[in-house]
Amino acid sequence: MPVDPYILLLFGTVGLAALLPARGTGADLASGASTGAIALLFFLYGARLSTREALDGLRHWRLHGTILACTFVVFPLLGLAARGFVPAGILSDPLYQGLLFLTLVPSTVQSSIAFTSLARGNVPAAICAGSFSSLAGIVATPLLAAALLGGGGGGGPGSGGFSADSVTKIVLQLLVPFAAGQVLRRWVGEFVLRHRKALGLVDRGSILLVVYTAFGQGTVEGVWQRVSPARLGGLLAVEAVLLAVMLLLTWYGAKALRFGRADRIAIQFAGSKKSLAAGLPMASVLFGAQASTAVLPLMLFHQMQLMVCAVIAGRRSRDAGDRPGAVAPAAAGEVTVPAPAGSSRTGAGTGTRSG
């Protein structure tokens, strides 16, 4: 089971914020830098994302519609159902709000593609599904948060409505930078792709700054006195049930809808995941000073989904390898495509091209 090194960095940042939170002028500087980092993140998202490729994927509309329904309909419904754990004392209200928020964020891209490839599923579908989910989530997540959480921005969850200030923050910090990245993509897209490794470090560093700022504010306001070990254990148990339900629903639901095995794999891995990279900066904008407890459930769920899906992908890969005529999975960055009709070369059943 893989332990994402970046998760260790995130929790290390949480520990630093708990021990040495920014105060006074330092807190103001950290908050301003975090705001700029979020804008930069969404600009880079817009510059990277090929809208045409995402929209082209809609030709397989049943598959993508199923994944979007899992991400933005089934997940939120399960999140609402989890409200029953609050009166039972398993979850506190702030942790429940964070749990509900994680059900609203878009699906992850990289790990969905990687696990679909490992399990010998429909990799092109996973690529398109992740891209389209990210595109839809820019608008869908804030709207769902407004409808279901009833709060945002500085008001925090449960503050009684989405204020005009909250809407302004979302537009200026999320939508405007993303739209600018899309508009400028024809000029900066090649540069962004060519330096994706270096810019990936910028992405991750920006998210660490967001986490430090959010948890630093939470420490100053006494968040750790409100989150007991027992409540954290309850949160992990609820998230384990949530992930198990989604993995079962996506696999057997796709079977009931008569999808083929390769499509079912893509639906399971893309439809059961949530994006840490998109969710953390969104939470910072939507929750303001309450972001520390809002992002904790997402951080824990992210690591859990990686560990469980790695095991499932390995089993799916072995199952596929036992089938007659099974082929090796495409290498990272490649997409399996049919070979030209009538080809007489050995192994003409499949070919690969750069993805």
Side-chain angles (χ1 to χ4, degrees), residues 7 10-11 13-14 17-18 21 30-31 34-35 37-38 41-42 72 75-76 78-80 82-83 85-86 90-106 108 137-138 140-163 165-167 169-170 173-174 206-228 231-232 234-236 238-239 242 274-305:
I7 284 289
L10 285 170
F11 282 112
T13 303
V14 171
S31 178
S34 176
T35 299
I38 292 170
L41 275 173
F42 279 83
F72 295 114
F75 248 121
L78 291 175
L80 290 172
R83 177 72 188 178
F85 292 110
V86 176
I90 298 175
L91 294 176
S92 65
D93 190 66
L95 285 179
Y96 166 71
Q97 296 288 342
L99 178 72
L100 180 56
F101 171 73
L102 89 81
T103 67
L104 309 181
V105 303
T108 184
I138 297 294
T141 298
L143 291 179
L144 286 170
L148 302 181
L149 291 170
S159 63
F162 234 40
S163 66
D165 182 60
S166 302
V167 175
K169 285 183 177 180
I170 291 169
Q173 293 186 45
L174 305 182
S206 299
I207 291 174
L208 290 175
L209 176 59
V210 170
V211 169
Y212 173 78
T213 303
F215 277 91
Q217 289 178 333
T219 298
V220 172
E221 295 177 6
V223 66
W224 300 113
Q225 285 71 42
R226 301 194 298 268
V227 181
S228 66
R231 288 285 171 79
L232 283 178
L235 174 64
L236 285 171
V238 172
E239 290 191 334
L242 175 64
K274 291 297 180 177
S275 173
L276 184 73
L280 287 179
M282 285 184 177
S284 180
V285 175
L286 293 171
F287 290 92
Q290 286 74 38
S292 54
T293 50
V295 301
L296 184 59
L298 180 59
M299 291 167 61
L300 296 174
F301 188 81
H302 176 81
Q303 179 58 42
M304 187 182 297
Q305 71 186 9

Next item on the list: Check whether any side-chain heavy atom of Thr213 sits under 4.5 Å from a side-chain heavy atom of Ser284, and report yes or no.
Entry: no

Check: Would you call Ile207 and Leu10 a side-chain contact if the rule is heavy atoms closer than 4.5 Å?
Finding: yes

Item checked: Non-hydrogen atoms of Pro76 and Leu148 that approach each other most closely -> CB-CD1, 4.1 Å

Margin query: Less than 4.5 Å apart, side chain to side chain, heavy atoms only: is that true for Met299 and Met304?
Written below: no

Notebook entry, point to check: Any idea which heavy atoms bring Met282 and Leu174 closest together, and the distance?
Noted result: CG-CD1, 4.2 Å

Check: Does the Lys274 side chain pair with the main chain of Thr103, one donor and one acceptor, at a distance under 3.5 Å?
Finding: yes

Note to self: To check you understand the geometry: which heavy-atom pair defines the closest contact between Pro106 and Thr141, and what is its length?
What the structure shows: CD-OG1, 3.4 Å

Check: Does some side-chain heavy atom of Tyr96 sit less than 4.5 Å from a side-chain heavy atom of Arg83?
Finding: yes

Note to self: Quick check: do Leu102 and Leu300 have side-chain heavy atoms less than 4.5 Å from each other?
What the structure shows: no

Notebook entry, point to check: What closest approach, in Å, do Val295 and Ala283 show between heavy atoms, and which atom pair accounts for it?
Noted result: CG1-CB, 3.3 Å

Item checked: Nearest non-hydrogen partners of Ser92 and Arg231, listed with the distance -> CB-NH1, 3.0 Å

Next item on the list: Verify side chain to side chain contact (heavy atoms under 4.5 Å, CB included) between Val14 and Leu296, making sure each step is shown before the conclusion.
Entry: CA-CA 10 Å; Val14 171; Leu296 184 59; over 6 Å; no

Item checked: pair Thr13-Phe215: side-chain heavy atoms closer than 4.5 Å -> no

Next item on the list: Considering non-hydrogen atoms only, spot the tightest contact between Leu209 and Ala37 and give its length.
Entry: CD2-CB, 4.2 Å

Check: In Å, rounded to the nearest 0.5 Å, how long is the span from CD of Gln305 to CD of Glu239?
Finding: 9.5 Å

Note to self: Do Leu99 and Phe85 make a side-chain contact, defined as non-hydrogen atoms from C-beta onward lying under 4.5 Å apart?
What the structure shows: no

Note to self: Quick check for you: to the nearest 0.5 Å, what is the distance between Ser206 atom OG and Leu280 atom CG?
What the structure shows: 12.0 Å

Note to self: Between Phe287 and Thr293, is there a side-chain heavy-atom distance shorter than 4.5 Å?
What the structure shows: no

Note to self: Evaluate Leu276 against Gln303 for side chain to side chain contact (heavy atoms under 4.5 Å, CB included), listing each step before the verdict.
What the structure shows: CA-CA 10 Å; Leu276 184 73; Gln303 179 58 42; over 6 Å; no

